Amino acid sequence: MGRPDPEEGQLPAPVKPPDGGWGWIVLLGCFVITGFSYAFPKAVSVYFKELMKDFHVGYSDTAWISSIMLAMLYGTGPVCSIMVNQFGCRPVMLIGGLLASAGMILASFTTNIIELYLTAGVLTGLGMALNFQPSLIMLGTYFDKRRPLANGLAAAGSPVFLSSLSPLGQVLLEKFGWRGGFLIMGGLLLNCCTCGAVMRPLDMGMKRKMGKAQDKYEAKEMLPIGGKSEEGISTTDGTKKGKKAKKKPKKGKKLLDFSIFSNRGFIIYTISKFILVLGLFVPPILLVNYAKDTGVPDTEAAFLLSIIGFIDIFARPACGMVAGLKWVRPHVAYLFSFSMLFNGLTDICSARASNYTGLVIFCVFFGISYGMVGALQFEVLMAIVGSQKFSSAIGLVLLIEAFAVLIGPPSAGRLVDALKNYEVIFYLAGSEVVLSALFLGVASYCCLNRGKKEPPPENNPTAGAGSDTEEAESDVQEAEEHSSDNHQPAHSTDNAVVTASEEANHVAEEQRGEGGGCPAGDGEVLARDGCNADQMVERDSF
């Protein structure tokens with residue numbers, strides 16, 4: 001026997017993620033995009049001293065370039081979701097790559113800091129945002145069983161690119177100056193277009209076949225199996241076009257699906273992620289200055305960030321492999337909660353580190369916990385909302401995180417200026433991360449697990465009868481409209497005969513229940529449709 005034909009009533013299997021094949025190329029593209037998106041705003045900081053000299057501005061003025069990039073990466077999440085839902089991932093990523101490259105190329109010709117904000121900040125930040133979010137969506141489309149591992153490998157692009165772009169930027173600065181460095185960096189960002197080009201969607205032809213076969217399948221399931229089933233299907237096909245045109249007009253695709261806010265898991269995730277971002281980025285931002293204040297030389301203080309990045313490279317794929325285990329994946333939200341708790345306790349326990357050895361130990365444990373958080377954050381979101389709603393969910397989550405990014409690190413910097421004490425800042429940041437971990441774990445256990453343990457409601461025959469009645473009433477209305485159309489009189493006559501026979505059978509069943517016999521005068525109809533020959537003979541003899 002060959003493959004079943006969908007036109008014969010068999011529904012084709014839905015398109016499943018291949019978990020490999022071309023998906024590995026998509027994973028490579030996502031690795032590159034993630035690296036550029038997270039590492040590029042930090043790598044640009046090597047040019048700040050030269051920009052301060054040329055434009056006669058302060059460090060805080062040049063730091064706004066990186067801040068604007070990150071604000072665009074997070075704050076434009078809903079815009080990216082709308083564009084992806086409207087045009088698809090690949091076109092959006094191609095446009096994003098061109099915008100990111102154009103922003104850095106135009107920045108090399110700027111003459112003041114405001115122009116840098118608009119080019120390197122807004123334009124490049126928007127381009128990277130249009131690449132980052134669609135790449136994660138495509139990764140969730142191509143991977144299902146291996147999705148935790150894929151997310152971990154893709155997230156490893158951030159530390160890898162951070163450890164490579166910063167030295168590269170320093171070399172470009174020394175040989176070509178900041179303008180030449182910006183120009184070459186803009187050329188490197190054109191690789192985002194290459195990554196976008198490989199993000200081909202899965203086979204859409206199967207989905208079209210499924211839509212066509214669905215009509216045939218429903219028709220054969222609703223009609224009795226018999227000699228007139230094919231005739232019924234042809235009749236149903238003739239009326240189904242009218243149904244779709246009159247009662248079921250095609251709905252346009254939602255540009256941004258706000259129905260995900262009815263998902264309790266999504267609400268819990270969003271609140272915990274907002275609290276997490278308030279303190280997650282504070283320690284690595286203040287670490288170098290903290291080390292310098294404790295008497296650590298500048299070169300050794302800068303090396304602390306390299307330690308975090310090196311550990312992070314291996315922590316993310318390893319955590320992705322652990323999250324993909326069969327006995328771990330159903331509880332991935334609790335693993336994410338544990339990783340946040342680990343990170344927060346690391347901040348708190350290392351707040352009183354007063355020598356270089358203590359800071360190195362802090363960087364090792366912080367790199368492990370930070371890598372775990374980075375590998376699991378989007379995997380948990382995909383598991384909560386599913387791949388169909390992930391495009392809208394990630395856009396809304398990134399928008400909410402943008403407010404936390406603008407509140408957390410700047411507030412920590414002001415507290416440092418006011419208190420002149422880094423220890424309090426580490427305690428505060430660690431407490432925020434621990435709070436987010438406890439909220440996610442407790443809320444997931446109390447709200448989500450309790451909802452799963454509730455017994456399913458019993459089937460109410462009254463409710464089922466009501467739904468069947470509504471369908472019957474709609475069918476009667478459609479039959480009346482079809483019969484009044486006068487375009488197919490033969491079908492109308494057949495429907496009338498069938499309806500009359502069904503009414504006669506119904507009356508016969510009621511009288512059989514009361515008197516046990518068949519009514520007189522309906523011998524021919526009942527002999528054909530309901531009553532047997534013995535009952536007819538008994539009635540005649542009587």
Side-chain angles (χ1 to χ4, degrees), residues 17 26-27 29-31 33-38 69-93 96 125-144 147-148 150-155 157-158 192 195-196 199 201 253-277 280 316 320 323 332-333 336 373-405 436 440:
V26 173
L27 174 59
C30 189
F31 176 88
I33 295 298
T34 304
F36 275 125
S37 300
Y38 279 117
M69 283 186 183
L70 291 175
M72 295 299 294
L73 180 64
Y74 284 95
T76 58
V79 178
C80 297
S81 297
I82 292 173
M83 294 185 66
V84 168
N85 291 334
Q86 182 68 22
F87 304 107
C89 292
R90 182 155 54 179
V92 173
M93 292 184 68
L126 177 61
M128 289 189 297
L130 294 178
N131 275 273
F132 175 64
Q133 187 171 321
S135 66
L136 292 178
I137 296 172
M138 291 300 299
L139 191 67
T141 303
Y142 271 85
F143 288 91
D144 183 21
R147 192 179 64 201
N151 277 312
L153 291 173
S158 175
C192 295
C195 297
M199 301 289 178
K253 190 175 182 179
K254 293 181 179 179
L255 298 181
L256 196 62
D257 191 359
F258 289 98
S259 65
I260 54 177
F261 283 106
S262 61
N263 188 337
R264 289 182 296 179
F266 177 75
I267 298 297
I268 294 172
Y269 176 87
T270 303
I271 296 175
S272 63
K273 197 69 187 300
F274 178 83
I275 302 173
L276 171 69
V277 174
L280 181 64
R316 298 195 182 207
V332 68
F336 184 47
V373 172
L376 295 175
Q377 56 179 345
F378 297 117
E379 168 61 26
V380 174
L381 182 59
M382 289 181 186
I384 292 174
V385 301
S387 59
Q388 297 297 325
K389 295 185 178 181
F390 181 71
S391 60
S392 298
I394 188 176
L396 296 171
V397 167
L398 290 177
L399 176 62
I400 295 172
E401 287 183 17
F403 294 101
V405 169
S436 66
L440 177 63

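Note that the structure is a prediction, hence the values are computed from the model and not measured.
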Using 0.5 Å steps for rounding, measure from the [atom1] atom of [X] to the [atom2] atom of [Y].
X      : Y      : atom1 : atom2 : answer
Asn151 : Arg316 : CG    : CZ    : 11.0 Å
Thr270 : Ile275 : OG1   : CD1   : 11.0 Å
Ser158 : Phe31  : OG    : CZ    : 9.5 Å
Leu70  : Glu401 : CG    : CD    : 11.5 Å
Leu396 : Ile400 : CG    : CD1   : 6.5 Å

Compare every heavy atom of [Y] with every heavy atom of [X], then report the nearest pair and how far apart it is.
X      : Y      : answer
Cys30  : Ala154 : SG-CB, 3.8 Å
Val84  : Pro134 : CG2-CG, 3.6 Å
Asn263 : Gly265 : OD1-N, 2.9 Å
Cys192 : Phe36  : SG-CD1, 4.0 Å
Leu130 : Gly96  : CB-CA, 3.7 Å
Pro78  : Gly75  : CD-O, 3.8 Å

### Message
Both conditions, 6.0 Å and 45 degrees, for the charged tip of Lys273 above the ring of Phe378: are they met here?
### Response
yes
### Query
What residue pairs, at least two apart or across chains, pass salt bridge (charged side-chain N to carboxylate O under 4.0 Å, His left out) with a residue in residues 380-399?
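Salt bridge (charged side-chain N to carboxylate O under 4.0 Å, His left out) check on residues 380-399 returns no pairs.
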### salt bridge (charged side-chain N to carboxylate O under 4.0 Å, His left out) pairs, two or more places apart, involving residues 77-87
none
### Query
Excluding sequence neighbours, so at least two apart, what forms ring pair (Phe, Tyr, Trp, His ring centres under 6.0 Å) with Phe390?
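Listed in chain order: nothing, the list is empty.
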### Query
What residues form a ring pair (Phe, Tyr, Trp, His ring centres under 6.0 Å) with Phe87, not counting sequence neighbours?
none
Kindly write out the residues that satisfy side chain to side chain donor-acceptor pair (under 3.5 Å) with [X], not counting sequence neighbours, or none if the list is empty.
X      : answer
Ser81  : Gln133
Asn131 : none
Ser391 : Asn85

### Task
Apply side chain to side chain contact (heavy atoms under 4.5 Å, CB included) to Ser436 and Leu440, showing your working.
CA-CA 6 Å; Ser436 66; Leu440 177 63; over 6 Å; no
### Task
Output every pair passing side chain to side chain donor-acceptor pair (under 3.5 Å) with a member in residues 70-80, not counting sequence neighbours, ordered by first then second residue.
none
### Beyond-backbone contact of Ile268 with Ile384, side-chain heavy atoms, under 4.5 angstrom
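No, too far: nothing below the 4.5 Å cut-off.
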### Message
Are the side chains of Val397 and Phe266 in contact, using a 4.5 Å heavy-atom criterion?
### Response
yes
Residues two or more places apart in sequence or in another chain: which of them pass side-chain contact (heavy atoms from CB on, under 4.5 Å) with [X]?
X      : value
Ala323 : Pro148, Val332, Leu335, Leu376
Ser37  : Ile33, Leu73, Met128, Phe132
Leu153 : Leu27, Leu149, Pro317
Met199 : Val26, Met93, Ser135, Met138

